[in-house]
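Here is the naming used below: chain letters follow the sequence lines, and residue numbers restart at 1 for every chain. The structure displayed is predicted, hence computed values, not measured ones.
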Number of protein chains: 2
Amino acid sequence: MSIDCDDIHRWMTDHRNEGIALLQRMVQEASTQGNESGVQQIVAEQLERLGFEVDMWEPGGDALLEHPYFASPRRTFSNSPNVVGVLKGTGGGRSIILNGHVDVVPEGDTSQWEHPPYSGEVVGEKMYGRGVTDMKGGNVSLFLALQCLKDLGVTLKGDVILQSVVEEESGGAGTLAAVLRGYKADAALIPEPTNMRIFPKQQGSMWFRLYVAGRSAHGGTRYEGVSAIEKSVKVLQHIRELEKVRNARIRDPLYERTPIPLPINVGVIEGGKWPSSVPDLVRLEGRMGVSPDETMEQAQEEMEHWLKKLHQEDGWFREYPIQIEWFGARWLPGAIDTDHAFMRVLVEQYRHVLGQEPVLEASPWGTDGGLLTQVGDIPTVVFGPGATEVAHYPNEYIVLDNVFQTAEIVAMTLIQWCGLTDND
Amino acid sequence: MSIDCDDIHRWMTDHRNEGIALLQRMVQEASTQGNESGVQQIVAEQLERLGFEVDMWEPGGDALLEHPYFASPRRTFSNSPNVVGVLKGTGGGRSIILNGHVDVVPEGDTSQWEHPPYSGEVVGEKMYGRGVTDMKGGNVSLFLALQCLKDLGVTLKGDVILQSVVEEESGGAGTLAAVLRGYKADAALIPEPTNMRIFPKQQGSMWFRLYVAGRSAHGGTRYEGVSAIEKSVKVLQHIRELEKVRNARIRDPLYERTPIPLPINVGVIEGGKWPSSVPDLVRLEGRMGVSPDETMEQAQEEMEHWLKKLHQEDGWFREYPIQIEWFGARWLPGAIDTDHAFMRVLVEQYRHVLGQEPVLEASPWGTDGGLLTQVGDIPTVVFGPGATEVAHYPNEYIVLDNVFQTAEIVAMTLIQWCGLTDND
């Protein structure tokens with residue numbers, strides 16, 4: 001048997017509506033943290049229909065909860081199951097993990113959405129909805145690739161392990177649980193939204209929380225107090241300087257197209273209790289990017305050391321130092337050699353299917369790739385159909401053609417990487 | 001009968017411990033908004049023992065709630081009564097309102113207090129506690145003055161109306177209710193904390209709320225979004241400029257000792273929902289001082305006009321203008337002629353009791369004086385024993401000697417203003 005690009009392409013064309021319908025079903029499951037069971041049910045059904053052996057379990061247990069890289073605001077995951085499907089190969093081939101998360105971030109300010117955030121509405125070439133790009137479109141491209149190979153009668157030598165995980169948006173507890181459960185392979189692919197670029201490097205990130213003190217006083221005699229809001233303005237400006245310093249070091253050509261390779265984002269601010277009082281405490285929370293060329297600990301030390309520099313500039317901070325905590329979500333950075341065999345296979349199939357060179361880049365955000373790489377010791381590439389710039393944004397969308405193109409590339413990659421069973 | 005300073009002074013010395021005990025009892029009633037009934041019970045008992053006719057009622061009714069100067073976060077005041085006591089004079093004398101509020105602001109960050117905020121602990125010459133200076137010390141000086149005159153057998157020609165009100169800290173609904181209930185007099189005194197200075201001018205103030213928009217994006221590609229926190233920094237700096245402009249106009253010698261006569265305080269900031277997202281909305285709340293030489297409406301227009309100037313500096317604000325609301329607490333400014341008969345009586349008694357010239361100033365914060373002046377048409381002076389700079393502050397205190405000195409001055413002022421009954 002020989003399978004070529006055209007067979008796969010034709011299948012994708014014939015099954016376009018089904019693919020769109022599946023993606024819409026998945027988007028309509030508003031799978032924010034704690035609400036993933038509905039969409040995981042859909043995933044488990046897909047995998048069973050595909051002939052996979054399905055393992056569905058709620059993450060937990062000490063090995064996970066006490067792991068140094070466990071990060072989640074919660075410690076129990078009732079009704080938030082992982083789903084892993086295994087399709088054993090016939091033997092003698094390279095195995096692969098296809099990993100995708102089903103959890104989505106909150107939709108934010110609903111008034112900024114033109115279409116309801118969980119509608120999955122199709123307009124022209126695009127489907128809209130929270131999670132369609134990050135990353136249900138990518139997940140569906142995996143299902144399409146697998147369904148296509150099944151329908152075309154393909155059997156592979158290497159095992160295919162499809163991991164549908166929770167908790168990616170808050171630090172990877174789902175993928176970590178899958179790693180600790182023992183799932184291993186010769187390579188992994190995560191179809192996070194990359195605008196069809198291939199990311200051999202993935203940024204890590206960590207969440208920080210800062211407390212800035214002030215001294216309260218009556219608003220009518222505000223000069224008697226010290227405004228924690230004013231002091232926070234200095235802290236914000238100081239953090240912006242640190243971001244400049246860290247990014248000035250970046251020389252890797254993979255970051256050429258990225259305006260800020262290692263951003264520091266302040267996402268939350270809260271301070272003060274009473275309009276008529278000078279505020280005495282402000283809390284800031286944010287996300288700091290981590291390069292694959294440094295450890296998480298080095299990045300933390302740099303931020304803590306940098307904040308101490310403010311003490312020299314302003315005596316208030318000497319007396320009332322900024323308190324910093326590292327909490328919640330962390331993503332380990334990851335990197336695969338651009339020359340790794342899996343990279344070569346993927347790049348070749350990309351060329352084959354799309355007839356052009358892929359763009360190689362470093363990802364601007366963390367993924368579970370770091371966990372697979374550093375904890376699972378599994379070489380991982382991130383490549384997917386979603387539009388990076390609308391992930392977490394209102395009016396998130398995906399260009400549907402990209403989903404099917406990705407599915408074709410994944411199908412061809414599976415054949416080349418895992419190998420066709422000899423008597424096909 | 002002739003009463004002189006010495007009689008009154010001797011009485012104060014003899015009754016010092018009772019006065020301190022009363023103040024401590026009142027401070028220990030943690031009378032934050034909604035929790036005033038306990039302390040008002042103590043006040044009603046005091047007034048009954050003093051022979052006043054007591055009127056205790058919960059503010060309410062359309063005349064109050066629909067009044068243009070009604071300001072409160074709440075519209076019902078169950079269990080939050082006003083107490084007004086009336087001691088009818090024998091006739092032919094000038095009447096007086098003695099007005100004091102019993103509500104206190106929240107204690108703030110408890111860890112910043114050395115003594116528990118509602119202890120009323122006495123250390124050396126001071127008593128500590130939230131509300132002791134703002135303004136239960138002042139209220140007790142009124143009770144001491146009245147008890148002293150009663151014990152010395154004094155009867156006055158003019159009526160004495162003691163108003164113990166709620167809701168001063170959130171905009172004056174208590175005093176407004178008392179004005180609308182019909183209480184009127186030839187002058188009024190409010191012993192708010194003035195560090196023993198006499199305030200013929202009282203600042204007004206209003207609360208504002210601003211909404212600053214951003215555009216959300218993933219924190220890893222924060223350059224795709226617009227941070228509402230960063231935009232708020234510009235707004236904060238712009239507001240600081242407005243404060244400079246408004247204060248540069250102030251020429252009144254009453255403000256000579258005040259670093260910022262008309263402050264604009266930003267007391268609350270809240271924005272963003274997720275550390276990994278660029279924040280798309282920030283809310284700011286604060287308090288703007290209003291001079292007796294302008295109307296509230298003029299001050300509002302100046303702020304709104306000033307914010308529109310940001311549109312020229314930054315196109316983002318042209319597209320997404322800052323939203324402003326005026327809400328909650330407002331204090332009308334007030335002013336009495338420094339030459340008014342009541343001022344002359346008070347200043348003279350101050351000299352008499354303390355043997356030195358009083359300092360005349362403009363108050364740095366609003367009081368219910370504006371309502372008495374502008375709605376009640378009652379000339380009002382603010383003068384009291386509390387320490388202005390610790391009002392609303394942690395470790396709020398009062399110097400106890402000042403309470404008794406104020407009581408002496410008030411007692412002498414009552415005699416001179418209301419007049420002694422002829423056959424005394």
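- Contact count against chain B (heavy-atom pairs under 4.5 Å) is highest for A:G219 among A:G219, A:G289, A:S363.
- Among the candidates B:R283, B:R222, B:Q203, the residue making the largest number of heavy-atom pairs closer than 4.5 Å to chain A is B:R222.
- With a 4.5 Å cut-off on non-hydrogen atoms, B:L236 touches chain A through its side chain but not through its backbone.
- Neither the backbone nor the side chain of A:V390 comes within less than 4.5 Å of any heavy atom in chain B.
- Minimum interatomic distance between B:A217 and A:H392 (heavy atoms only, all atoms of both residues): C-CB, 4.4 Å.
- For B:W274 against A:E169, the heavy-atom pair with the smallest separation is CZ2-O, 3.9 Å.
- Proximity to chain A is limited to the side chain of B:R240, based on heavy atoms less than 4.5 angstrom apart.
- Under the ring-ring contact (aromatic ring centres under 6.0 Å, His included) criterion, A:Y128 pairs with A:H115, A:Y397, sequence neighbours left out.
- The candidate from B:G286, B:G272, B:G271 with the greatest count of non-hydrogen atom pairs under 4.5 Å with chain A is B:G271.
- Between A:V278 and B:Y393 there is no side-chain heavy-atom pair separated by less than 4.5 Å.
- Most heavy-atom pairs under 4.5 Å with chain B, from the set A:E230, A:Q237, A:R209: that is A:E230.
- Considering only heavy-atom pairs separated by less than 4.5 Å from chain A, the leading option among B:H218, B:E270, B:E224 is B:H218.
- Ranked by heavy-atom pairs under 4.5 Å with chain B, the list A:M288, A:E389, A:K273, A:E396 is led by A:K273.
- Each of A:V268, A:L284, A:V266 was scored for a side-chain contact (heavy atoms from CB on, under 4.5 Å) with B:I229, with one residue passing: A:V266.
- Atom CD of A:E285 and atom OG of B:S276 lie 10.5 Å apart (nearest 0.5 Å).
- Interface check for chain B: of the options A:G220, A:G267, A:P275, the most heavy-atom pairs under 4.5 Å are formed by A:P275.
- In terms of non-hydrogen atom pairs under 4.5 Å with chain B, the most contact-rich of A:I260, A:L262, A:V233 is A:I260.
- Interface remark: of the candidates A:L281, A:D109, A:N265, A:N265 forms the most heavy-atom pairs closer than 4.5 Å to chain B.
- Of the listed residues (B:D280, B:T221, B:V105), the one with the most heavy-atom contacts under 4.5 Å to chain A is B:D280.
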